[in-house]
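Here the structure is laid out as structure tokens; the discussion comes afterwards.
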There are 2 protein chains.
Amino acid sequence: MLLSDTLMAKEGCSACPIRHRAVCARCDSDELSRLEEMKYYRTYEAGQHIIWSGDRMDFVGSVVKGIATLTQTMEDGRTQMVGLLLPSDFVGRPGREGSAYDVTATTEVVMCCFRRKPFERMMEETPHVAHRLLQMTLDELDAAREWMLVLGRKTAREKIASLLSIIARRSTLLEQQAADDGVAIDLPLTREAMADYLGLTLETVSRQVSALKRDGVIVLDGKRRILIPDMERLLEEAGDDSDGGLPV
Amino acid sequence: MLLSDTLMAKEGCSACPIRHRAVCARCDSDELSRLEEMKYYRTYEAGQHIIWSGDRMDFVGSVVKGIATLTQTMEDGRTQMVGLLLPSDFVGRPGREGSAYDVTATTEVVMCCFRRKPFERMMEETPHVAHRLLQMTLDELDAAREWMLVLGRKTAREKIASLLSIIARRSTLLEQQAADDGVAIDLPLTREAMADYLGLTLETVSRQVSALKRDGVIVLDGKRRILIPDMERLLEEAGDDSDGGLPV
DNA sequence: TCCTTTCCTTGACCCAGATCAAGCGCAGAG
DNA sequence: CTCTGCGCTTGATCTGGGTCAAGGAAAGGA
């Protein structure tokens with residue numbers, strides 16, 4: 001999700017400030033009102049499963065509030081997070097029956113949903129929506145591939161720094177804070193969830209967070225609130241070649 | 001790419017047996033002839049770069065013949081393969097200027113290409129194409145996420161088995177061999193390329209391939225040709241929960 | 001108030017896979 | 001036919017991160 005779109009999302013339809021614009025930034029008013037009639041909201045508590053892997057999925061939607069995770073689990077219990085869903089992120093696969101992943105609410109989550117069939121029908125008729133979804137999916141694909149580099153080739157310290165910089169980038173985009181004297185992020189994940197995202201154990205995550213703190217790369221305010229005094233420094237630690245990077 | 005589509009691809013337009021159907025399985029003849037006028041072919045030698053990361057990319061296309069890889073590289077030289085392109089796979093990002101990855105020909109590769117701008121224009125006008133591309137991109141996203149589990153949580157032995165089963169699945173789909181008495185695959189990758197795909201070193205790849213051979217899970221015929229006497233056994237070794245799996 | 005639970009930290013030790021190093025085998029060049 | 005180089009294998013050793021284990025701290029709940 002690009003900055004400009006996020007801004008548009010903020011000034012979007014009053015009932016659902018993010019979703020309409022996120023799904024289709026260029027819909028005309030007819031299409032907007034059709035979307036309006038179709039939509040409904042659902043709230044999930046922290047820890048609740050939104051979708052189980054293998055489940056039949058009869059809706060698609062966007063996260064409006066809160067944070068959800070996409071995870072895959074092997075029979076023996078090893079789990080890997082494959083996506084992090086922040087407000088404005090889309091959930092669901094138009095044209096697919098089932099979900100391949102577990103989707104779980106990390107905090108309380110509000111979703112804006114559409115029943116899948118009518119949504120798919122509308123997608124067929126309104127090219128803009130399909131086009132927008134293609135762009136969003138390409139963004140997700142880029143993010144997934146960037147994460148493959150993190151998982152396959154980075155050290156534990158670099159992995160932590162990568163995760164923090166991605167979360168920092170996304171939350172500064174959403175909150176639009178200038179961040180001249182450092183960025184503060186509210187870490188929405190437990191150490192275990194971070195470990196599942198990074199392909200590490202929670203002990204290693206804890207140790208590396210402590211190490212980054214000891215070395216002055218980050219400042220902890222409690223367990224979950226993290227201050228990043230120097231973003232450049234963090235990106236260096238992450239081994240990122242450019243400050244830019246892809247939308248996640 | 002689904003089995004049914006691959007079959008359709010095989011009986012598709014004579015000049016380019018795979019591409020038209022791959023891009024749009026449901027185009028009517030007008031659209032097909034427009035595609036026909038736009039297309040051109042390019043051949044790349046083994047080892048040649050098709051696209052450099054960061055390059056402006058003025059075309060999109062499909063692999064018709066040969067194998068190409070998608071890789072990401074850090075400044076210090078660590079590299080991670082993020083995709084494997086077999087015949088019928090699509091290359092390029094409609095709506096994007098540059099490529100985020102290096103695309104390299106592993107064998108001799110024939111690509112069927114379209115200049116990006118006209119292709120994008122056509123995409124706007126023919127919803128089927130956009131829809132088809134969305135489906136293909138969703139497949140790639142699923143494959144990327146499945147790979148995240150491999151990279152983040154599997155052991156070296158499981159990683160090798162996962163790679164072999166994915167290549168076996170894909171090549172049996174393409175070649176349509178029944179494979180009752182085992183599957184034979186022509187490994188199109190060096191040990192180093194396999195290592196880059198799996199987030200390992202080439203020594204570890206070599207050792208684990210030897211171990212799988214010793215344990216009778218695979219049979220080597222030279223360095224590159226691999227026989228899989230029992231596919232179920234291999235999938236077990238890969239730690240895959242189901243024999244099914246996603247299209248890659 | 002104390003107790004329980006959940007999340008986190010830190011230490012001690014171990015092992016899978018990395019690193020360093022040597023050598024094999026085959027294909028193409030001379 | 002030998003030489004050379006590349007891809008591959010295998011051995012020896014090292015180490016980053018996993019595993020096991022012991023608490024600490026903060027947030028409810030009784």
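Letters A, B, ... mirror the listed sequences (proteins, then strands); counts begin at 1.
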> Once you round it to whole Å, what is the distance between C1' of C:dG17 and CD1 of B:Ile160?
Replying inline: 12 Å
>> With a 6.0 Å cut-off (strictly less than), is the heavy-atom count around CD of B:Gln48, excluding the residue itself, greater than 12?
In response: yes
>> Show me the pairs that pass ring pair (Phe, Tyr, Trp, His ring centres under 6.0 Å) and involve residues 136-171 of chain B, at least two apart or across chains.
In response: B:Trp147-B:Tyr197
> Taking protein heavy atoms under 4.0 Å as touching, what does nucleotides 17-23 of chain D look like 5' to 3' if B marks base contact, S marks sugar-phosphate-only contact and - marks none?
Replying inline: SSBB---
> B:Arg191: what forms a side chain to side chain donor-acceptor pair (under 3.5 Å) with it, not counting sequence neighbours?
Replying inline: none
> Taking the side chain of A:Ser206 as heavy atoms from C-beta outward, which of D:dG7, D:dT9, C:dT10 is closest to it?
Replying inline: C:dT10
>> Regarding B:Thr190, tell me which of base, sugar-phosphate or nothing describes its non-hydrogen contacts under 4.0 Å with the strands shown.
In response: sugar-phosphate
> For A:Ser210 and C:dT10, is the shortest distance between a side-chain N/O and OP1 or OP2 below 4.0 Å?
Replying inline: yes
> Which residue pairs pass the salt bridge (charged side-chain N to carboxylate O under 4.0 Å, His left out) test when at least one of the two sits in residues 213-224 of chain B, sequence neighbours left out?
Replying inline: B:Arg157-B:Asp215
> Taking only residues two or more places apart in sequence, or in another chain, which ones meet B:Asp58 in a side chain to side chain donor-acceptor pair (under 3.5 Å)?
Replying inline: none
> Between D:dA25 atom P and A:Arg225 atom CZ, what is the distance in whole Å?
Replying inline: 23 Å
> Do B:Asp196 and A:Arg153 come within less than 4.5 Å of each other through their side chains, counting heavy atoms only?
Replying inline: yes
Under 3.5 Å, N/O pairs linking protein and nucleotides 26-29 of chain C:
none

> C:dT6 C1' sits how many Å from A:Leu202 CG, rounded?
Replying inline: 12 Å
